[in-house]
Amino acid sequence: MSLPVRKFDAIIVGAGGAGMRASLQLAEAGLSVAVLTKVFPTRSHTVAAQGGIGASLGNMSEDNWLWHMYDTIKGSDWLGDQDAIEYMCKIAPKVVYELEHFGMPFDRNPDGTIYQRPFGGHSANFGEKAVQRACAAADRTGHALVHTLYQRNVRARTQFFVEWMALDLVRDADGEVLGVVALEMETGEVMVLQAKATLFATGGAGRIFAASTNAFINTGDGLGMAARAGIPLEDMEMWQFHPTGVHGAGVLITEGVRGEGGILLNCNGERFMERYAPNLKDLASRDVVSRSMDQEIKEGRGCGPEKDHVLLKLDHLGPDVIIKRLPSIREIAIKFANVDPIREPIPVVPTIHYQMGGIPTNVNGQVVAPKGGSPNEVVPGFYAVGECACVSVHGANRLGTNSLLDIVVFGRAAGDFIVAQNLKAQAHRPLPRDAADRALARLARLDGAKSGERVPDVANALRKEMQAHCGVYRNQELLSEGVRKVMELDERSKRVAISDHSRTFNTARVEALELDNLMETAKATIVSAEARRESRGAQARSDYPSRDDVNWLKHTLWYSEGNRLDYKPVNLKPLTVDSFPPKARTY
């Protein structure tokens with residue numbers, strides 16, 4: 001192997017909220033840390049988060065972390081691990097106050113405390129009534145968060161590798177992760193970045209679907225790299241449809257609109273959520289609202305000439321509330337839907353938004369996989385946090401505001417855990433001779449192919465098939481057909497060719513490499529979904545309409561090699577409080 005090698009104490013792949021929260025802990029502890037990112041850090045997809053970060057501060061009315069924990073477990077449809085959920089909800093107020101002290105510009109109440117708005121699925125006293133728990137910076141909370149963390153990292157002298165793409169993990173014969181092979185987009189140069197700790201914070205992969213709120217960079221790179229290195233992916237069938245994407249554009253309209261009092265209407269002007277969730281109505285959990293909207297549209301009560309969407313009405317809130325609390329939403333509605341929400345409703349439709357599954361980890365961010373009889377054996381040297389990881393705090397359906405909470409809580413936890421390993425005192429393990437072989441073989445194949453499939457053709461076909469076969473409602477026929485179609489596309493993806501073989505900023509090569517990661521993610525998703533014969537959270541099957549705790553209260557593990565599935569138990573045992581046993585979900 002003749003590639004250049006650069007050595008660091010720690011490497012972080014991804015510079016969104018999770019990556020930068022972890023890098024901050026490492027840089028402030030004096031470790032040499034490299035943060036690789038495909039885009040400038042403040043362009044990471046965390047910047048798109050709108051509504052808020054959940055924490056039981058109790059600034060608006062009484063609140064309690066135990067209620068937040070219950071809401072998260074119920075939201076997860078009991079597929080979430082209760083130890084991780086307790087850890088997250090308990091520490092939530094602390095991490096929010098930390099952000100405040102970092103300088104994050106939250107909205108304020110008249111008394112100076114952080115403003116909190118109601119959000120779907122968040123309740124007081126174990127489901128009794130809605131509670132205001134979402135700590136918000138207008139409707140740009142993620143934007144405020146990413147800029148705050150970036151500034152703190154600049155102050156801590158974190159080293160950013162901007163416009164670099166990680167291609168594959170480096171593992172030695174013992175299975176220890178020693179870093180990544182990476183491509184510098186500007187020069188086309190490939191390099192081994194070696195580290196004593198490698199942390200993935202690569203975000204989601206919503207680009208496997210045609211209609212998505214996700215940025216174009218969300219191609220599941222961390223999932224693809226982990227899968228190719230033999231690490232299983234957990235609960236990949238669980239994809240959240242956000243109820244309110246702009247019809248035809250997919251751009252997100254935050255749940256904060258409903259939190260502030262916006263309501264969903266069908267073509268008869270009827271507030272239909274009262275039928276499906278009489279208690280929390282428009283603020284039921286996301287899977288429930290998405291299915292209700294889908295149902296209205298299926299039964300012919302959709303709006304517009306095609307009757308293919310519903311309306312989100314917020315003009316009754318008045319111009320002041322909209323301009324002060326929802327300025328970006330107004331801008332998005334005007335630009336993407338051609339309506340001004342101060343005067344008219346926004347056309348919305350459920351849109352793919354978030355992956356609950358990912359690389360299996362524990363609360364320290366350590367990646368875990370089954371080995372020698374233990375379902376959660378640590379993979380040495382490897383960590384994952386944020387949307388690409390599955391600590392399983394979200395289970396089968398994530399509560400709104402828990403994504404920003406997840407990235408900050410576990411980014412911080414992983415950072416603290418890595419700092420405690422005293423990496424400075426350890427030597428780098430020797431790199432295996434074949435460290436870069438897998439990545440170099442992928443590049444050689446791309447550069448050697450004179451003719452073949454076009455990358456956009458295969459990628460667009462994949463999105464279309466995933467949308468058609470793995471949508472809001474699924475059934476055996478759709479899923480089995482989807483598995484067949486995705487496997488055919490997997491074969492086609494091995495025959496892609498690019499016409500541009502230049503070195504400098506070759507976006508065609510980057511997109512071809514991203515396609516490999518999209519394929520791994522899509523296979524994991526559709527194979528896991530086809531096998532799970534029940535409805536739970538985001539997995540809604542018309543042929544198995546009810547939840548089956550006897551047979552399916554377990555996590556799916558998908559392995560790329562042999563496209564095989566394994567399972568492991570859900571942890572129903574919290575750290576210090578009594579377990580919340582599974583029961584029927586009503587809102």
Side-chain angles (χ1 to χ4, degrees), residues 47-52 60 105 107-110 115-120 130 132 134 136-144 211-213 241-277 280-284 286 289-290 292-297 299-351 353 400-401:
V47 83
Q50 297 170 352
M60 320 304 277
D107 282 5
R108 301 284 167 185
N109 294 315
Y115 166 72
Q116 296 179 277
R117 58 164 59 110
F119 235 75
Q132 294 179 242
D139 53 1
R140 306 190 247 266
T141 314
H143 183 271
S212 170
T213 67
F241 288 81
H242 196 290
T244 55
V246 174
H247 172 246
V251 184
L252 180 66
I253 298 293
T254 174
E255 197 166 317
V257 169
R258 286 170 285 135
E260 295 289 350
I263 52 175
L264 292 163
L265 303 174
N266 61 20
C267 65
N268 305 328
E270 187 183 12
R271 187 179 179 183
F272 58 85
M273 278 312 299
E274 294 174 340
R275 267 205 296 281
Y276 301 94
L280 290 182
K281 303 184 180 71
D282 301 82
L283 289 178
R286 288 180 178 175
V289 180
S290 290
S292 308
M293 291 167 66
D294 203 62
Q295 197 67 28
E296 290 293 304
I297 293 165
E299 290 174 9
R301 293 187 291 279
C303 304
E306 307 281 316
K307 289 198 166 299
D308 57 357
H309 60 272
V310 297
L311 298 174
L312 177 60
K313 172 180 157 65
L314 57 157
D315 54 346
H316 58 284
L317 303 178
D320 293 351
V321 168
I322 293 171
I323 288 163
K324 179 172 185 231
R325 300 259 187 242
L326 304 164
S328 302
I329 291 306
R330 183 177 181 219
E331 194 182 339
I332 287 168
I334 291 168
K335 282 187 177 152
F336 291 97
N338 206 18
V339 300
D340 184 344
I342 285 177
R343 288 191 291 279
E344 53 205 321
I346 308 170
V348 290
V349 68
T351 308
H353 180 58
T401 74

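Residues: numbered from 1 along the sequence shown.
Listed by first and then second residue, the ring pair (Phe, Tyr, Trp, His ring centres under 6.0 Å) pairs that reach into residues 244-271 are His247-His309, sequence neighbours excluded. Applying the side-chain hydrogen bond (donor to acceptor under 3.5 Å, both in side chains) test to residues at least two apart or on different chains, the pairs with a partner in residues 314-324 are Lys313-Asp315.
In this structure, the salt bridge (charged side-chain N to carboxylate O under 4.0 Å, His left out) partners of Arg275, at least two apart in sequence or on a different chain, are Glu270, Glu296. Looking at residues two or more places apart in sequence or on another chain, you find a side chain to side chain donor-acceptor pair (under 3.5 Å) between Thr244 and His242. Here Ala277 pairs with Met273, Ala284, Tyr587 under the side chain to side chain contact (heavy atoms under 4.5 Å, CB included) rule; sequence neighbours left out. A search for side chain to side chain donor-acceptor pair (under 3.5 Å) contacts involving Ser328 returns Asp139, Arg140, not counting sequence neighbours. Residues forming a salt bridge (charged side-chain N to carboxylate O under 4.0 Å, His left out) with Glu299 (at least two apart in sequence, or on another chain): Arg301. For Lys335, the salt bridge (charged side-chain N to carboxylate O under 4.0 Å, His left out) partners at least two apart in sequence or on another chain are Glu331. By the side chain to side chain contact (heavy atoms under 4.5 Å, CB included) test, Arg325 is found to be paired with Asp107, Tyr115, Arg117, Glu260, Val321, residues two or more places apart in sequence or in another chain being considered. Partners of Val251 according to the side chain to side chain contact (heavy atoms under 4.5 Å, CB included) rule, which considers only residues two or more places apart in sequence or in another chain, are Val246, Ala249, Ile332, Phe336. Every residue meeting the side chain to side chain donor-acceptor pair (under 3.5 Å) condition with Thr213, not counting sequence neighbours, appears here in chain and number order: His353. For Ile342, the side chain to side chain contact (heavy atoms under 4.5 Å, CB included) partners two or more places apart in sequence, or in a different chain, are Pro319, Ile322, Ile323, Arg330, Asp340.
Side-chain atoms of Ile346 and Val257, non-hydrogen and from C-beta on, never get closer than 4.5 Å to each other. Taking 4.5 Å as the limit, some side-chain heavy atom of Phe272 sits within range of a side-chain heavy atom of Val310. Using a 4.5 Å cut-off on side-chain heavy atoms (C-beta onward), Pro345 and Leu265 make no contact. Pro243 places a side-chain heavy atom less than 4.5 Å from the side chain of Ser290. In this structure the side chain of Val349 never reaches within 4.5 angstrom of the side chain of Asp308, judged on heavy atoms.
Of all non-hydrogen atoms in Cys267 and Gly302, the two that sit nearest each other are CB-O, 3.2 Å. Of all heavy-atom pairs between Ala134 and Gly51, the closest is CB-O, 4.5 Å. Taking both residues in full, the closest heavy atoms of Leu283 and Pro118 are given as CD1-CB, 3.9 Å, listed atom of the first, atom of the second, then distance. When all heavy atoms are compared, the tightest approach of Pro347 to Val339 is CD-CG2, 4.2 Å. Of all non-hydrogen atoms in Ile253 and Gln50, the two that sit nearest each other are C-OE1, 3.7 Å. Taking every heavy atom of both residues into account, Leu311 and Cys303 meet most closely at CG-SG, 3.7 Å.
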Problem set entry | Full working for side chain to side chain contact (heavy atoms under 4.5 Å, CB included) between Asn109 and Met60 | CA-CA 9 Å; Asn109 294 315; Met60 320 304 277; 3.4 Å; yes

Problem set entry | side chain to side chain contact (heavy atoms under 4.5 Å, CB included) evaluation trace for Glu255 with Val289 | CA-CA 11 Å; Glu255 197 166 317; Val289 180; over 6 Å; no

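Within 6.0 Å of CG on Asn338 lie no more than 12 heavy atoms contributed by other residues, nucleotides or ligands.
From Arg271, atom CZ reaches atom NZ of Lys281 across 6.0 Å, with rounding to the nearest 0.5 Å. Of the inter-residue distances, the one linking Ser292 atom OG with Asp282 atom CG reads 9.5 Å to the nearest 0.5 angstrom. Within the model, atoms CD of Gln132 and CZ of Phe119 stand 12.0 Å from one another, a figure rounded to the nearest 0.5 Å.
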